[in-house]
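Below: one structure, written as structure tokens.
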Amino acid sequence: MPMKVIQSKADLAVNGAPPAFDQPLHVGRPNIGNREAFLERVGWILDNHWLTNDGPVVREFERRIAGYLGVKHCVAMCNGTIALEIAIRALGFAGEVIVPSWTFVATAHALYWQGITPVFADIDPATHNLDPAAVRRMITPRTTGIIGVHLWGLAAPVEELQAIADEHGLKLMYDAAHAFGSTCKGQTIGQFGKCEVFSFHATKAFNTMEGGAVTTNDDELAETMRLIRNFGFKGYDNVIHPGTNGKMIEVCAAMGLANLDAFDDIVATNTRNYSAYCQAMAGISGVRLLSYDQGERNSHHYVVLEVDEDCPASRDEIVAALQAENILARKYFWPGAHRMQPYRDLYPHAGLMLTNTRKIADRVVVLPNGTALPDGAVETIGSVIACLVSK
Ligand code: T4K
């Protein structure tokens with residue numbers, strides 16, 4: 001279908017015109033790599049009669065991911081949230097752990113679920129990542145660790161956070177759910193802190209349908225996480241550690257291998273789309289895209305638009321107008337974890353310490369990207385936003 005031409009506000013679906021797209025455009029539309037390679041491997045898995053429990057495809061996947069990220073160990077998991085929980089448990093976090101509120105709620109839930117109190121620190125509005133000075137302010141005698149998040153695949157301030165952790169005897173790990181393929185000062189994310197946790201959920205740039213992994217250079221930590229991932233079993237009938245079921249299945253690993261082979265192409269498509277978005281938004285006053293450091297690698301999976309306070313259209317008006325066009329933009333991660341339960345009841349006044357988080361939460365719109373985005377869609381999305389904010 002030819003793209004709708006938007007010349008005036010009367011052409012917008014919120015004002016009664018037909019939507020720009022027949023089919024919804026999703027922010028998290030999965031990238032599907034080499035379909036034939038995937039299906040062939042699934043056939044092999046069925047013939048092999050080994051579907052889960054540390055099977056040969058999961059092992060190959062772990063080797064390939066560790067090699068790709070340049071890290072000693074990759075422990076594949078059933079999803080990113082369980083991977084966070086297992087890493088937190090293996091590191092022995094307790095008491096309070098400092099995290100950003102400006103993240104997907106799973107970062108905080110993975111702590112709370114284990115009886116550990118997440119303490120929210122504010123972010124740097126330029127990068128949306130933890131502000132080291134804010135982290136220092138939240139340290140108490142009960143603090144045992146810090147979880148940095150590389151939000152949108154932009155590296156957290158790893159040197160500053162490591163210095164704080166060393167100074168105060170805290171353990172530091174990362175939620176790298178968004179950061180597969182990103183670098184920090186040229187070094188691949190996956191090797192910072194004690195360990196880093198990836199999500200390979202369907203909606204991520206690199207996916208295994210459901211899945212995740214913890215990467216680390218620490219042999220002992222990797223071994224402990226492998227035990228916890230499989231109920232604490234060391235061989236048959238011998239349980240030597242408390243554990244859970246965090247195992248990745250063979251079919252998910254097969255999807256991961258097919259997508260790993262396609263990952264460079266996926267990133268190239270995302271990067272092309274991101275550049276088109278930059279061009280489309282360049283002349284529109286009142287909105288701007290979060291920028292990526294051109295000297296670092298990033299999957300450019302997240303296209304994050306910030307709507308200024310004095311923009312003629314509010315953030316919520318922009319989201320409503322895009323959704324009316326079947327462009328399912330998202331307000332990730334509004335309203336911030338501190339305003340979600342149980343944290344809203346736990347910290348009714350947290351917003352006083354989280355001034356940047358509050359501001360950013362009210363400004364952000366995440367736009368669709370990925371290999372499923374139709375040609376020309378970015379330009380149409382740009383023209384919807386341009387028309388909306390025009391006076
Ligand atoms: N830490 C961080 C920083 C994270 O962002 C995440 C996950 C985690 C930890 C936890 O990792 P996992 O345990 O999830 O591995 C989605 C994802 O479910 C979640 O994985 C992700 N972050 C988060 C940012 O986004 P929702 O609740 O927004 O998902 P939903 O169902 O609204 O889907 C998003 C869009 O994608 C929709 O427009 C529908 C579309 N979609 C979705 C799926 C699953 C498709 O088109 N096809 C699909 O197969 O959380």
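The structure displayed is predicted, hence computed values, not measured ones. Along the sequence shown, residues are numbered consecutively beginning with 1. The analysis underlying the following values was restricted to heavy atoms, covering all of them including side chains, and did not include hydrogens, waters or symmetry mates.
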Side chain to side chain donor-acceptor pair (under 3.5 Å): pairs with one or both residues in residues 250-260, sequence neighbours excluded
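Pairs touching residues 250-260 that pass the test: none.
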Supply the members, apart from Ile240, of the Ile/Leu/Val/Met/Phe/Trp/Tyr cluster built from side-chain contacts under 4.5 Å; use none for a lone residue.
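Other cluster members: Leu227.
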Could you work out the complete set of other residues in the hydrophobic cluster of Phe233, with links drawn between I, L, V, M, F, W and Y side chains under 4.5 Å apart?
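So far as hydrophobic clustering goes, Phe233 is joined with Phe231, Val239.
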Going by ring pair (Phe, Tyr, Trp, His ring centres under 6.0 Å), name the pairs with one or both residues in residues 34-57, residues two or more places apart or in two chains.
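Found none.
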Can you tell me which residue pairs pass the ring pair (Phe, Tyr, Trp, His ring centres under 6.0 Å) test with a partner in residues 275-299, sequence neighbours excluded?
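Matches after skipping sequence neighbours: Tyr274-Tyr292, Tyr292-His300.
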Partners meeting ring pair (Phe, Tyr, Trp, His ring centres under 6.0 Å) with [X] (sequence neighbours left out):
X      : value
His201 : none
His178 : Trp152, Tyr302, Phe333
Phe192 : none
Phe200 : Phe61, Phe180, Phe206

Set of residues satisfying salt bridge (charged side-chain N to carboxylate O under 4.0 Å, His left out) with respect to Glu167, sequence neighbours excluded:
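Scan of Glu167 (salt bridge (charged side-chain N to carboxylate O under 4.0 Å, His left out), adjacent residues dropped) gives Arg136.
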List the atom pairs, with distances to 0.1 Å, where a side-chain N or O of residues 91-105 and a protein N or O form a donor-acceptor pair under 3.5 Å, not counting sequence neighbours.
unit_1: Glu96; atom_1: OE1; unit_2: Thr140; atom_2: OG1; d: 2.8
unit_1: Ser101; atom_1: OG; unit_2: Ala337; atom_2: N; d: 3.1
unit_1: Ser101; atom_1: OG; unit_2: His338; atom_2: N; d: 3.1
unit_1: Ser101; atom_1: OG; unit_2: His338; atom_2: ND1; d: 2.8
unit_1: Trp102; atom_1: NE1; unit_2: His128; atom_2: ND1; d: 3.3
unit_1: Thr103; atom_1: OG1; unit_2: Thr107; atom_2: OG1; d: 2.8

Between Asp308 and Arg288, does any NZ, NE, NH1 or NH2 come within less than 4.0 Å of an OD or OE carboxylate oxygen?
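Yes, charged N to carboxylate O under 4.0 Å.
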SB check Lys72 Asp219 (cutoff 4.0 Å)
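Judged by the 4.0 Å cut-off on N to carboxylate O distance, Lys72 and Asp219 do form a salt bridge.
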Sequence neighbours left out, what passes side chain to side chain contact (heavy atoms under 4.5 Å, CB included) with Thr215? Give chain and number order.
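Applying side chain to side chain contact (heavy atoms under 4.5 Å, CB included) to Thr215 gives Leu69, Val71, Cys74, Glu196, Phe198.
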Any donor and acceptor pair, going by atom type alone, linking the side chain of Lys171 with main-chain N or O of Ile146 inside 3.5 Å?
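Pair absent, no side-chain N/O of Lys171 close to backbone of Ile146.
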